[in-house]
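Below: one structure, written as structure tokens.
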Amino acid sequence: ALLLRLARRPAASPMSASPFLRRFVVRWADADANGHLRNTAYAEYANDTRVALLASFGYSWTRFQSLHLGPVLFREEIEYRREASIGEEVLVDALGAGVAPDVSRWSIRHRLWKADGTEMAQITVVGSWLDLEARRAVAPPHDLADSLRSMPRSEPFVELPAIRRK
């Protein structure tokens, strides 16, 4: 049986539901042959939002470089609901979707919306922190861990297992 999933409109504006929000306008380079946001651009918008979120926690790219630390993704899952056309505004938020007790592993859920409130997609990523010298997953500095723990949470929110060290 074919199940059709309709785009949902949020109960509240996405701008009021999440304190961290980025705005994008669909450019020609972001579009597919139909003039719609191409599938990989959804993930790029979420990635740009995640990088800005980390910078808002005080972790710019230069700070990560000085610490020889970087975020790494293990999984990225995209649930598409609606398209956006060239010139349309897209809003992307970031919510905590899970965290390990030591924050060595984390999950962030991004919701993408049209300006009229139509939900376009949900993107959920699971990642960790990579020590760029040792080339292994590690727990982050305490202030970054605290920032991730205090993020607004999505439903569902899961406790993730910590990275096992040998």
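Counting begins at 1 with the first residue of the sequence.
- Atom CD of Gln122 sits about 7.0 Å away from atom CZ of Arg111, to the nearest 0.5 Å.
- Ring pair Trp106/Trp129 is tilted by interplanar angle, where 30° to 60° counts as tilted.
- For Lys114 (side chain) and Leu91 (main-chain N/O), no donor-acceptor pair under 3.5 Å exists by modelled atom type.
- The residues Glu79 and Arg81 are annotated as salt-bridged, a charged nitrogen and a carboxylate oxygen being separated by less than 4.0 angstrom.
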Please tabulate, for side-chain N and O atoms in residues 140-149, each donor-acceptor pair with protein atoms closer than 3.5 Å (sequence neighbours left out).
from: Asp143; atom 1: OD1; to: Tyr59; atom 2: OH; distance (Å): 2.5
from: Asp143; atom 1: OD2; to: Tyr59; atom 2: OH; distance (Å): 3.3
from: Asp143; atom 1: OD2; to: Arg63; atom 2: NH2; distance (Å): 3.4
from: Asp146; atom 1: OD1; to: Arg149; atom 2: NH1; distance (Å): 3.1
from: Ser147; atom 1: OG; to: Asp143; atom 2: O; distance (Å): 3.1
from: Arg149; atom 1: NH2; to: Pro101; atom 2: O; distance (Å): 3.0

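- Cluster annotation: Leu67 and Val103 are assigned to the same hydrophobic cluster (Ile/Leu/Val/Met/Phe/Trp/Tyr, side-chain heavy-atom contacts under 4.5 Å, transitive).
- In terms of modelled atom types and a separation under 3.5 Å, the side chain of Asp30 and the main chain of Leu37 share no donor-acceptor contact.
- Residues Phe20 and Leu95 are not in side-chain contact: their nearest non-hydrogen atoms beyond the backbone lie 4.5 Å or more apart.
- When side chains are defined from C-beta on, Phe157 counts as touching Val99, because their heavy atoms get closer than 4.5 Å.
- Side-chain N or O atoms of Arg105 include one that pairs as donor or acceptor with a backbone N or O of Pro161 at under 3.5 Å.
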**Request:** Just do the side chain to side chain contact (heavy atoms under 4.5 Å, CB included) check on Ile86 and Arg27 with the steps written out, would you?
**Result:** CA-CA 6 Å; Ile86 294 171; Arg27 304 168 309 150; over 6 Å; no

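- Between Thr124 and Arg109, the side chains place a donor N or O and an acceptor N or O closer than 3.5 Å (distance only, hydrogens not considered).
- By the 4.5 Å heavy-atom criterion applied to side chains, Glu119 and Arg82 are not counted as neighbours.
- For the salt bridge (charged side-chain N to carboxylate O under 4.0 Å, His left out) condition, the pairs that include at least one residue of residues 36-47, sequence neighbours left out, are Arg38-Glu44.
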**Message:** Does Val138 form a side chain to side chain contact (heavy atoms under 4.5 Å, CB included) with Ser104? I'd like the steps, not just the answer.
**Reply:** CA-CA 6 Å; Val138 296; Ser104 61; over 6 Å; no

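- Although no hydrogens or angles enter the test, the distance criterion places a donor-acceptor pair under 3.5 Å between the side chain of Ser154 and the main chain of Gly96.
- Rounded to the nearest 0.5 angstrom, Arg75 CZ and Glu77 CD are separated by 6.0 Å.
- Between Ile108 and Leu53 there is a side-chain heavy-atom pair separated by less than 4.5 Å.
- Under a hydrophobic-cluster definition in which Ile, Leu, Val, Met, Phe, Trp and Tyr are linked whenever side-chain heavy atoms come within less than 4.5 Å, directly or via other members, Ile123 and Val51 are assigned to different clusters.
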**Request:** Show the numbers, then the answer: is there a side chain to side chain contact (heavy atoms under 4.5 Å, CB included) between Leu54 and Phe64?
**Result:** CA-CA 10 Å; Leu54 294 172; Phe64 276 120; 4.0 Å; yes

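- Here the side chains of Thr118 and Trp113 are not in contact, with every heavy-atom distance at 4.5 Å or above.
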**Request:** Begin with the C-alpha distance, continue with both residues' side-chain angles, and end with the deciding distance and a verdict on salt bridge (Lys or Arg N to Asp or Glu O under 4.0 Å) for Asp131 and Arg136.
**Result:** CA-CA 6 Å; Asp131 178 320; Arg136 66 182 187 99; 5.5 Å; no

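- Annotation for Tyr45 and Val26: closest pair OH-CA, 3.5 Å, computed over non-hydrogen atoms.
- The closest donor-acceptor contact from the side chain of Asn34 to the backbone of His36 lies at 3.5 Å or more, if one exists at all.
- Hydrophobic clustering, with ILVMFWY side chains joined whenever heavy atoms are under 4.5 angstrom apart, keeps Val25 apart from Trp28.
- Across all non-hydrogen atoms, the minimal contact from Ile163 to Ser128 is CG1-OG, 3.8 Å.
- Considering only heavy atoms from C-beta on, Leu160 comes within 4.5 Å of Ser107 through its side chain.
- Tyr42 and Leu73 fall within a single hydrophobic cluster, where Ile, Leu, Val, Met, Phe, Trp and Tyr side chains are chained together by heavy-atom contacts under 4.5 Å.
- Side-chain atoms of His110 come within 3.5 Å of backbone atoms of Asp93 as a donor-acceptor pair (strictly under, hydrogens ignored).
- Taking every heavy atom of both residues into account, Ala43 and Ile78 meet most closely at CB-CD1, 4.0 Å.
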